[in-house]
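Beneath this line is the structure, given in structure tokens, with notes to follow.
For reference, positions follow the sequence shown, starting with 1.
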Amino acid sequence: VLGAYVGLLLTRSYARPCFIRCLGPKYEPRWRALDKAIAADGPMLALLLRLTPVAPTVITNILLSLTSLTHAHYIWTTAVGPIPSNLPYAYAAELGASLAHEFPPKDPVMLTVSIIGLVASVLMAITVARIANQALSKHGLGNSGDSSTRAATAAGTDPPMARVGSDLGRASELEMA
């Protein structure tokens, strides 16, 4: 936690201004909206990121350091968040060790607990992803995409091709004018 906090201080002091400058005018408004969402929801989004077992810790630390998340929220989510996210790994290691000694498991209780644990881990990951998407959507940053993407998806066409089609349509309108 101490190392992550030192990283927060260094990233906020030196890397954040450069990062925002490098985003340019195209992506800076979206970053500002994401930053505002993380700051508004406080530790919830940071904790959800840390609860995701597949998110690399160092990258998560750096990305959260680039936001306006308060120091207190950053520290406690760094201390608490990895505990539940590491449980599936610990469980998988224990299960692997027991299966290495006895496969297939002869104990029906061990087999039942293993299946329930696997299903619970998958459901936890899905639930965390849904909550995070809902929180981001509340701030206009979810997976909803832009209007051409939504229209293309509703029409059953490929969203990037719909953007190309709409750009071509705009170009032909300009030529006629």
Side-chain angles (χ1 to χ4, degrees), residues 1-93 117-118 120-154 158-164 166-167 170:
V1 175
L2 182 61
Y5 185 66
V6 170
L8 167 79
L9 295 175
L10 292 173
T11 303
R12 289 244 173 112
S13 300
Y14 300 109
R16 183 180 170 150
C18 180
F19 172 76
I20 292 173
R21 205 172 35 253
C22 289
L23 286 175
K26 183 176 180 181
Y27 297 107
E28 186 177 347
R30 187 153 171 92
W31 174 258
R32 297 272 183 212
L34 178 63
D35 186 30
K36 183 179 175 184
I38 290 174
D41 284 339
M44 188 181 86
L45 287 175
L47 189 61
L48 287 173
L49 275 172
R50 297 204 185 277
L51 286 174
T52 307
V54 294
T57 304
V58 173
I59 294 173
T60 303
N61 287 345
I62 292 169
L63 290 175
L64 287 174
S65 295
L66 291 169
T67 68
S68 298
L69 187 68
T70 66
H71 290 239
H73 289 159
Y74 181 88
I75 290 170
W76 85 259
T77 58
T78 302
V80 173
I83 296 169
S85 69
N86 285 327
L87 289 177
Y89 295 121
Y91 175 74
L118 177 65
S121 295
V122 170
L123 289 176
M124 183 182 91
I126 291 170
T127 303
V128 166
R130 283 185 182 161
I131 292 170
N133 278 331
Q134 287 172 355
L136 288 173
S137 293
K138 182 173 73 173
H139 295 280
L141 295 166
N143 289 333
S144 59
D146 60 16
S147 59
S148 64
T149 304
R150 285 192 301 270
T153 304
D158 185 28
M161 293 311 293
R163 278 192 219 110
V164 169
S166 67
D167 290 343
R170 276 187 247 135

Within the side chain of S13, is there an N or O that forms a donor-acceptor pair under 3.5 Å with the backbone of L10? no
Under the side-chain contact (heavy atoms from CB on, under 4.5 Å) rule, collect the residues that match up with I20, sequence neighbours excluded. R16, E28, W31, R32
According to side-chain contact (heavy atoms from CB on, under 4.5 Å), who are the partners of I59, at least two apart in sequence or on a separate chain? P56, L63
Can you name the residues that form a side-chain contact (heavy atoms from CB on, under 4.5 Å) with V1, not counting sequence neighbours? I75, T78, A79
Please list, chain by chain and in numerical order, all residues satisfying ring-ring contact (aromatic ring centres under 6.0 Å, His included) with Y5, sequence neighbours excluded. H71
How far apart are the closest heavy atoms of A46 and L69, and which atoms are they? CB-CD2, 3.6 Å
Would you say L49 and M44 make side-chain contact, with heavy atoms under 4.5 Å? no
Any non-hydrogen side-chain atom of L34 less than 4.5 Å from a side-chain atom of R30? no
Nearest atoms (heavy-atom pairs only) where L47 meets G81: CD1-CA, 3.7 Å
How many angstroms lie between atom OG1 of T11 and atom CG of L64, to the nearest 0.5 angstrom? 10.5 Å
Determine which pairs satisfy salt bridge (charged side-chain N to carboxylate O under 4.0 Å, His left out) with at least one residue from residues 77-90, sequence neighbours left out, and list them in order. none
Atom pair CG/CG of N61 and L66 - distance to nearest 0.5 Å: 11.0 Å
Using side-chain contact (heavy atoms from CB on, under 4.5 Å) as the criterion, list what pairs up with C22, not counting sequence neighbours. C18
Taking all atoms of both residues into account, what is the closest heavy-atom pair of Y74 and S65, and its distance? OH-OG, 3.5 Å
